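Okay, structure first, notes after.
Per chain, numbering begins at 1; letters A, B, ... match sequence-line order. The model shown is predicted, which means the values in this text are computed figures rather than measured ones.
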Amino acid sequence: MKRTHHCNQLRPAQIGQSVTLSGWVHSRRDLGGLIFIDIRDREGRTQTVFDPSDMAPELFQQAGLLRGECVVSVTGKVRARPAGTANPKIATGEIEIAAAALEVLNMADVLPFPVDDPEVARTVNEELRLQYRYLDLRRPEMARNLRLRSKVASATRVYFDERGFLEVETPTLFKSTPEGAREFLVPSRAQPGKFYALPQSPQQFKQILMVAGVEKYFQLARCYRDEDQRADRQLEFTQIDLEMSFIEREDIYELIEGLLRRIWKTALDIDVPAPFKRLTYQEALNRYGIDKPDTRFGLELADLTEDFRASKFKVFSGAIAAGGVVKAINAKGMADATQGQIETMTEYAKSFGAKGLAYIKVEKGEWKSPIVKFFNETEKQALSTKLKIEEGDLLLFAADQWLNACEILGKIRLYCADVLKTRGQLVLPANRFDFLWVVDFPLLTFDKEQNRWYSSHHPFTAPVAEDIPLLTTDPRKVRGQHYDIVVNGIELGGGSIRIHQPAVQKLVFEQVLQIPPDLVQARFGYMLEAFRYGAPPHGGIALGFDRLNAILCGASSIRDVIAFPKTAKGADLMTDSPAGVDPKQLRELYLEQKLPKKE
RNA sequence: GGGGGUGUAGCUCAAUUGGUUAGAGCGCUGCCCUGUCACGGCAGAGGUUACGAGUUCGAGCCUCGCCACUCCCGCCA
């Protein structure tokens, strides 16, 4: 019995037709002398009626045995529902199928959790959902996420095709290049003692493709990073990865703005305005305390360094004398925070390395604070002006080295925004998307513990041309031609213009990053060689495809937009992976196990 | 590696200060019911309180350990 329609197709126009529907028993309502069975498929659901006055007793009896999630085919005539019994909640609610035949394609055991009740299903323990993912994915919400993701992938492919990009697949069996994220290793059977590594990104291959003359490459690339996970980070994830030759940063901005506009239009029917705002790294830190600012709300950081340079309050003036800064935010309307809440915030700040969190509550025209007695009139005036102080405000301070002070207040800013959201004092519309580019990142960051410079982004990022001479003299000041795309405080992607001159690349590896020449040769020699045979200037970007879809779906975790995600410990609860292997398999790979001792 | 949260019936949740036989709704089973759509009514079954120790006259509750899930810090070139 092949189906003639799907379960969201029949309307009054089809009344009188004989049809067959196939799907799952969504719900049954057995009235004794009359049975209603709603059949559901991925498109929707349709009511069928089993009426004993109209059919063989065996058929009616069979219908009575059906249970939730049985798979059935029902054949019958489409008819209008009797007056007053239409169901306006579903699209097929004006009609029903008068069942004439029933084929039970498969029975179903009682489910471990309901999939037909969205209220309950939403709160079901995620552990259970992951164990029975095939049931979880039957839920309309999850089915919608899968479908949206597919549409976004299609729109992406169409967009890049229109722009002349080639979709090229790159290997997932790569080699280990242990700069950066920890890698998954894959032992080679054919070459004892040697290993592949799964790529953290197709970075090197896509640059080689530019040397190969592809000019415009893209891929929905699977990437692997053996690092601890988060709500927005999985061991394996997907990137919209691309690279172009003969371009500058502006070309990437234009391209990605177009892509995101296309995706938002396709997925949400929203017209995103372009060009996007741009912020330098410096400004992002200074104003928002983070390199991926959520600009949907204010609570911006103010700089008070000059106002407190000579202050009697030594915590401030001392930090400044040590080369640091004093920064503050005004948490509007939070003066009623309890001592406990302030304590919580202080502990929170300390967990990010703050020494403390000075505050002033502005209540009943008074400044209540343990520190305000140290301030003179000029200082108070400066605070008033720069922080636009009003009744009911809560001022929070950080005095530390510039980056620390900014980052601490950046975290506190987000924390305050959450509190204000919870209280209903800050409302962010679900359809608001603040896109922006963050640019002019420092090319290098100094690692105090290892006493060396490392790449802020990755070692292939090109310095801003005029900063190249500073590479060996003053690395701190070198700006990278790196850019991040941020939306609503989420880092959606990042990329850069790459180094295409082998001499500069070699200089960065050996002189700046201090990687021994033989290691450079072993790891990147093929790349340096490739660049000698005519490498075009090139650059690219990668966007987190899972994060992108989570944003579009309004999901709080990327697990909700990945069909079969892993838990925080990297387990797949459905298949029970990872799992042990047979000793024979290990022997074939020339591996021995040395497991940690349990105490 | 570190910090926080959660774990009680198939599911979602209760359970006073440590005190009687651990409850409710949904689901499930049986019976009744011809216009329901969260159908309704009656009856019933269903518990190693994640697991393991300990304290106590007595532990779902307190202590220690351990496991799983989750959020965060570190980590994520």
Side-chain angles (χ1 to χ4, degrees), chain A residues 26-38 45-54 60 67-69 81-90 92-93 96 109-132 135 176-183 199-201 203-204 223-235 237 344 347-353 407 411 414-415 443-445 447 453-461 480 482 491 494 496 508-509 513 515 523-524 544 556-557 559 566-569 571 573 598-599:
Chain A
H26 184 74
S27 70
R28 66 201 156 88
R29 294 173 294 281
D30 186 344
L31 272 55
L34 193 64
I35 301 173
F36 296 96
I37 305 278
D38 279 5
R45 59 189 231 238
T46 302
Q47 173 169 288
T48 65
V49 194
F50 291 79
D51 186 341
S53 66
D54 213 21
F60 185 74
R67 294 292 178 266
E69 300 303 308
R81 294 193 186 190
T85 64
N87 182 358
K89 290 186 210 162
I90 59 174
T92 58
E96 63 190 11
D109 285 352
V110 176
L111 266 48
F113 61 89
V115 303
D116 61 339
D117 183 343
E119 291 299 312
V120 176
R122 195 163 350 105
T123 58
V124 169
N125 187 352
E126 190 164 6
E127 206 173 336
L128 206 62
R129 291 175 49 202
L130 290 173
Q131 189 183 345
Y132 299 97
L135 298 180
S176 177
T177 53
E179 298 277 309
R182 196 176 294 117
E183 301 165 317
Q200 354 179 351
S201 83
Q203 183 62 34
Q204 294 172 49
C223 306
Y224 306 85
R225 293 179 190 174
D226 187 8
E227 297 290 350
D228 286 352
Q229 311 196 65
R230 291 284 190 282
D232 62 350
R233 277 167 27 191
Q234 285 266 308
L235 296 181
F237 61 100
T344 304
E347 286 308 311
Y348 185 61
K350 281 182 179 169
S351 75
F352 300 112
E407 286 183 339
K411 302 275 193 186
L414 293 177
Y415 179 87
L443 184 72
L444 301 156
T445 311
D447 183 340
W453 293 94
Y454 64 93
S455 303
S456 307
H457 181 44
H458 60 52
F460 313 110
T461 302
H482 170 60
E491 182 190 333
S496 62
V508 168
F509 280 142
L513 300 178
I515 305 173
R523 284 182 197 159
F524 306 110
S556 56
S557 163
R559 290 189 300 275
K566 293 184 175 44
T567 67
K569 280 204 176 160
L573 298 179
K598 281 198 175 168
E599 300 187 8

Subject >> Residues in salt bridge (charged side-chain N to carboxylate O under 4.0 Å, His left out) contact with R559(A), at least two apart in sequence or another chain >> reply: E126(A)
Could you work out which one of [options] sits closest to the side chain of [X]?
X: L573(A); options: rC69(B), rA77(B), rG35(B); answer: rC69(B)
X: A181(A); options: rC76(B), rC11(B), rC73(B); answer: rC76(B)
X: V110(A); options: rG27(B), rA77(B), rC37(B); answer: rG27(B)
X: P459(A); options: rU29(B), rA77(B), rA68(B); answer: rA77(B)
X: P52(A); options: rC69(B), rG35(B), rU34(B); answer: rU34(B)
X: R29(A); options: rC76(B), rC69(B), rU36(B); answer: rU36(B)
X: L31(A); options: rG74(B), rU34(B), rC37(B); answer: rU34(B)
X: Q47(A); options: rC37(B), rU70(B), rC69(B); answer: rC37(B)
X: R233(A); options: rG74(B), rA77(B), rU70(B); answer: rG74(B)

Looking across every strand, which nucleic acid part, if any, lies under 4.0 Å from [X] by heavy atom: base, sugar-phosphate, or nothing?
X: P112(A); value: sugar-phosphate
X: Q204(A); value: nothing
X: A83(A); value: nothing
X: E179(A); value: base
X: Q203(A); value: base
X: R523(A); value: nothing
X: S456(A); value: nothing
X: L128(A); value: sugar-phosphate

Starting from [atom2] on [N], measure out to [atom1] on [X] and report it in whole angstrom.
X: D116(A); N: rC28(B); atom1: CG; atom2: C1'; result: 14 Å
X: W453(A); N: rA77(B); atom1: CH2; atom2: C1'; result: 16 Å
X: D51(A); N: rU34(B); atom1: CG; atom2: P; result: 11 Å
X: L235(A); N: rC75(B); atom1: CG; atom2: P; result: 18 Å
X: E126(A); N: rU70(B); atom1: CD; atom2: P; result: 6 Å
X: D232(A); N: rC71(B); atom1: CG; atom2: P; result: 9 Å
X: H26(A); N: rG27(B); atom1: NE2; atom2: C1'; result: 14 Å
X: D30(A); N: rG27(B); atom1: CG; atom2: P; result: 14 Å

Looking at [X], does any N or O in its side chain come under 4.0 Å of the phosphate oxygens OP1/OP2 on [N]?
X: R225(A); N: rA77(B); result: yes
X: K350(A); N: rG3(B); result: no
X: R28(A); N: rC28(B); result: yes
X: R129(A); N: rC11(B); result: no
X: K89(A); N: rC37(B); result: no
X: R182(A); N: rG1(B); result: no
X: R230(A); N: rC73(B); result: yes
X: S27(A); N: rC37(B); result: no

Span that lies between the [atom1] atom of [M] and that of [N], in whole angstrom:
N: rG18(B); M: rC76(B); atom1: C1'; answer: 46 Å
N: rA43(B); M: rU36(B); atom1: P; answer: 24 Å
N: rA68(B); M: rC31(B); atom1: P; answer: 45 Å
N: rC66(B); M: rA53(B); atom1: C1'; answer: 10 Å
N: rA14(B); M: rG47(B); atom1: C1'; answer: 15 Å
N: rU29(B); M: rG10(B); atom1: P; answer: 15 Å
N: rA59(B); M: rU20(B); atom1: C1'; answer: 15 Å
N: rA22(B); M: rC32(B); atom1: C1'; answer: 32 Å

Subject >> Charged N-O contact under 4.0 Å between E179(A) and R523(A) >> reply: yes
Subject >> Electrostatic pair R29(A):D38(A) at N-O distance under 4.0 angstrom >> reply: yes
Subject >> Along RNA chain B (nearest heavy atom to each residue), the more 5'-positioned of T177(A) and T85(A) >> reply: T85(A)
**OP:** Between R81(A) and T567(A), just flag the one whose closest nucleotide in RNA chain B comes earlier from the 5' side.
**Re:** R81(A)
Applying a 3.5 Å limit to both distances, which nucleotide forms a Watson-Crick or G-U wobble pair with [N]?
N: rC69(B); answer: rG5(B)
N: rU49(B); answer: none
N: rU20(B); answer: none
N: rC33(B); answer: none

Is any N or O donor-acceptor pair between the side chain of [X] and the base of [N] shorter than 3.5 Å?
X: E227(A); N: rG74(B); value: no
X: R67(A); N: rU29(B); value: no
X: D228(A); N: rG74(B); value: yes
X: E127(A); N: rU70(B); value: no

Original post:
Which atoms form the tightest heavy-atom contact between L513(A) and L444(A), and what is the distance?
Top reply: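 That would be CD2-CD2, 4.0 Å.
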Subject >> S201(A) versus C223(A), closest heavy-atom pair with distance >> reply: CA-SG, 3.8 Å
Subject >> side chain to side chain contact (heavy atoms under 4.5 Å, CB included) between Q203(A) and F460(A), intermediate numbers included >> reply: CA-CA 9 Å; Q203(A) 183 62 34; F460(A) 313 110; 3.7 Å; yes
Subject >> rC11(B) pyrimidine/purine six-ring stacking with F113(A), under 5.5 Å and 30° >> reply: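 Stack criterion not met.
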Original post:
Does the side chain to side chain contact (heavy atoms under 4.5 Å, CB included) test come out yes or no for V115(A) and E69(A), once each step is laid out?
Top reply: CA-CA 9 Å; V115(A) 303; E69(A) 300 303 308; 3.4 Å; yes
